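One structure is given below, encoded as structure tokens.
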Amino acid sequence: MIKKIMLVFGTRPEAIKMAPLIHKLKEKDNDFDVKICLTSQHRHMLDQVLNFFEIKSDIDLNLMKPNQDLFNLTSSILLGMRSVFSKHNPDLVLVHGDTTTTFATALAGYYASVQIGHVEAGLRTYDLQAPFPEEFNRQITSKLCNWHFAPTELSQKNLIAEGILKSKISITGNTVIDSLFWVLKRIEIDKNRRDKLHRNLDNILPFNWQKNNFVLITAHRRENFGHSFLQICKAVYQLALSYPKLNFVYPVHLNPNVIKPVHEILSDAKNVHLIKPQDYEPFIFLLKHSLLVLTDSGGVQEEAPSLGKPVLVMRQITERPEAVKAGTVKLVGSDYQRIVKGVTELLNNEAKYNSMSKAHNPYGDGFASERIVEVLQKIK
Ligand code: UD1
Ligand code: UDP
């Protein structure tokens, strides 16, 4: 019998990580009837990814509101998904990761007695304030789900410690690596594509990015808004002053809580380049050509080690300790002194830089989606 599978997501990283799974599921049209439901918690940043991966939605709740709060977002997703589930009656719903879309959809699925599978299950900090609200979202999602696709052994261990049956968990690797390998291959084999990416960077960056080093920056965590975000921006400003020949490239997230301090503090620093959120392929191209990465992003922490880029994570704690353990990712928190010290150390100490820039893949081998599909085929 053909299984009716619905994938529900709403933000940029969920779309990047669900894209390879969507394509793999659609290849198996004898087994699955696949529907894509967007909450559209993000709009522009989500559409960028959908266009790139040529994904068309079947349902779009179109929920993004400027500067939306968690109360409105959570309740609109819950109500929206009630109607979707009642109309489409899927056999199984797949959610991803730890956003409000993930948690509210899993809750709606539980209320509607729908089977739910969780992709990227079992990541934990066990601190409900960091990251906020993601740690809560993913813990609750695990409670609500029937099937758990854990990227690593550690994430499986976390789930088992919380009482989830081992038989309901599969270690698959992270689908982010499937997407990464796919896009890197496309860039490698297609000269026209590479030329286009080169021209794009020539247009948006006012320095010779092939000759001159640059630090790539991304930041958007809710728990960093306010004081910590000012510290992050001031640290970048100080680094830009201390290293006038080094460039800092920062694709700024569209959250107004990010845009405001970033532009207020950094827009007059000559060697800091504030650019729009990049499409996925140009972003990976930027990552590939960067010297090092300063970020609070989850996905970027997973991608950069594959490319041998040292990552300084502007958070106190991470749910992705695998790369920290391997020595390519270092936590520097979100205070001014530690960020400046962390970057300075990497720039001034070649041995330290070299030891952090070893390429390795603790998060996957590019076949996570295939493994998830195999498990889904076996579910009765
Ligand atoms: C959300 C997720 C976070 C994830 C991040 C990835 C929650 C609570 N947060 O955070 O877990 O790491 O996405 O980027 O689920 N906006 C736009 N256009 C867009 C996207 C966002 O204008 O395409 C602006 C809007 O004003 C929106 C605001 O950003 O209201 C916040 O978006 P929201 O999804 O609530 O939070 P993020 O900080 O993006
Ligand atoms: N990304 C992108 N364009 C950008 C910045 C990031 O496509 O300008 C990608 C990046 O490659 C990664 C994902 O977005 O796969 C990370 O998203 P984000 O940092 O917004 O969310 P998080 O991973 O922290 O939830």
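Source: prediction; values computed, not measured. Counting begins at 1 with the first residue of the sequence. Whatever order the structure lists ligands and atoms in, that order sets their numbers, starting from 1.
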Any nitrogen or oxygen of [X], side chain or backbone, less than 3.5 Å from one on ligand 1?
X: R43; value: yes
X: H42; value: yes
X: R222; value: yes
X: L46; value: no
X: R221; value: yes

Closest protein heavy atom to [atom], given as residue, atom name and distance to 0.1 Å:
atom: atom 2 (C) of ligand 1; answer: Q41 NE2, 3.8 Å
atom: atom 24 (C) of ligand 1; answer: L254 O, 3.5 Å
atom: atom 25 (C) of ligand 1; answer: N67 N, 3.7 Å
atom: atom 14 (O) of ligand 2; answer: R12 NE, 3.3 Å
atom: atom 22 (O) of ligand 1; answer: M64 CE, 3.6 Å
atom: atom 3 (N) of ligand 2; answer: Q278 O, 2.7 Å
atom: atom 23 (O) of ligand 1; answer: M45 N, 2.9 Å
atom: atom 16 (C) of ligand 2; answer: S297 OG, 3.6 Å
atom: atom 4 (C) of ligand 1; answer: H220 CE1, 3.8 Å
atom: atom 9 (C) of ligand 2; answer: I16 CD1, 3.6 Å
atom: atom 38 (O) of ligand 1; answer: N255 ND2, 2.9 Å
atom: atom 23 (O) of ligand 2; answer: G299 N, 2.7 Å

Using a 4.0 Å cutoff against the non-hydrogen atoms of [X], which atoms of ligand 1 qualify?
X: L70; value: 8 (C)
X: P133; value: 8 (C)
X: H253; value: 14 (O), 37 (P), 38 (O), 39 (O)
X: H44; value: 23 (O)
X: T100; value: 7 (C), 8 (C), 15 (O)
X: E134; value: 3 (C), 9 (N), 11 (O)
X: T99; value: 11 (O), 15 (O)

Give a yes or no on whether the backbone of [Y] and the side-chain of [X] come within a donor-acceptor separation of less than 3.5 Å.
X: T105; Y: T102; answer: no
X: N224; Y: F229; answer: no
X: N271; Y: A240; answer: yes

Ligand 2 versus [X], non-hydrogen atoms closer than 4.0 Å: side chain, backbone, both, neither?
X: R221; result: side chain
X: F283; result: side chain
X: E303; result: side chain

Heavy atom of Q301, distance to ligand 2 below 4.0 Å: no

Are [X] and [Y] side-chain neighbours, meaning at least one heavy-atom pair lies under 4.5 Å?
X: K157; Y: I160; result: no
X: E14; Y: V49; result: no
X: E302; Y: E322; result: no
X: V8; Y: T39; result: yes
X: V114; Y: P90; result: yes

Would you compute the distance between atom [atom1] of [X] and atom [atom2] of [Y] and round it to the nearest 0.5 angstrom?
X: E27; Y: L25; atom1: CD; atom2: CG; result: 9.0 Å
X: K330; Y: T318; atom1: NZ; atom2: OG1; result: 15.0 Å
X: K309; Y: L291; atom1: NZ; atom2: CG; result: 7.5 Å
X: Q278; Y: F285; atom1: CD; atom2: CZ; result: 11.5 Å

Show, in sequence, the C-alpha distance, side-chain angles and deciding distance for D60 and R43, and conclude whether the salt bridge (charged side-chain N to carboxylate O under 4.0 Å, His left out) test is met. CA-CA 11 Å; D60 189 343; R43 186 72 277 170; 3.1 Å; yes

Using a strict cut-off of less than 4.0 Å between a Lys/Arg side-chain nitrogen and an Asp/Glu carboxylate oxygen, indicate whether [X] and [Y] qualify as a salt bridge.
X: E120; Y: R320; result: yes
X: R222; Y: E134; result: no
X: K196; Y: D190; result: no

Tell me whether M6 shares a hydrophobic cluster with V373, the cluster being built from Ile, Leu, Val, Met, Phe, Trp, Tyr side chains joined at under 4.5 Å. no

If you count heavy atoms of other groups shown closer than 6.0 angstrom to CD of Q210, is the number above 12? yes

side-chain contact (heavy atoms from CB on, under 4.5 Å) partner of L216, the single match among L287, V300, L294: L287

Ligand-residue contact atoms, ligand 2 with [X], heavy atoms, under 4.0 Å:
X: P277; value: 8 (O)
X: P13; value: 17 (O), 21 (O), 22 (P), 23 (O), 25 (O)
X: G298; value: 22 (P), 23 (O), 24 (O)

At a non-hydrogen distance cut-off of under 4.0 Å, which region of Q68 contacts ligand 1 (side chain, backbone, both, or neither)? both

Pick one of side chain, backbone, both or neither for how S297 approaches ligand 1, counting any non-hydrogen atom pair under 4.0 Å. neither

Check this for me - ligand 2, H220, N or O atoms closer than 3.5 angstrom, yes or no? yes

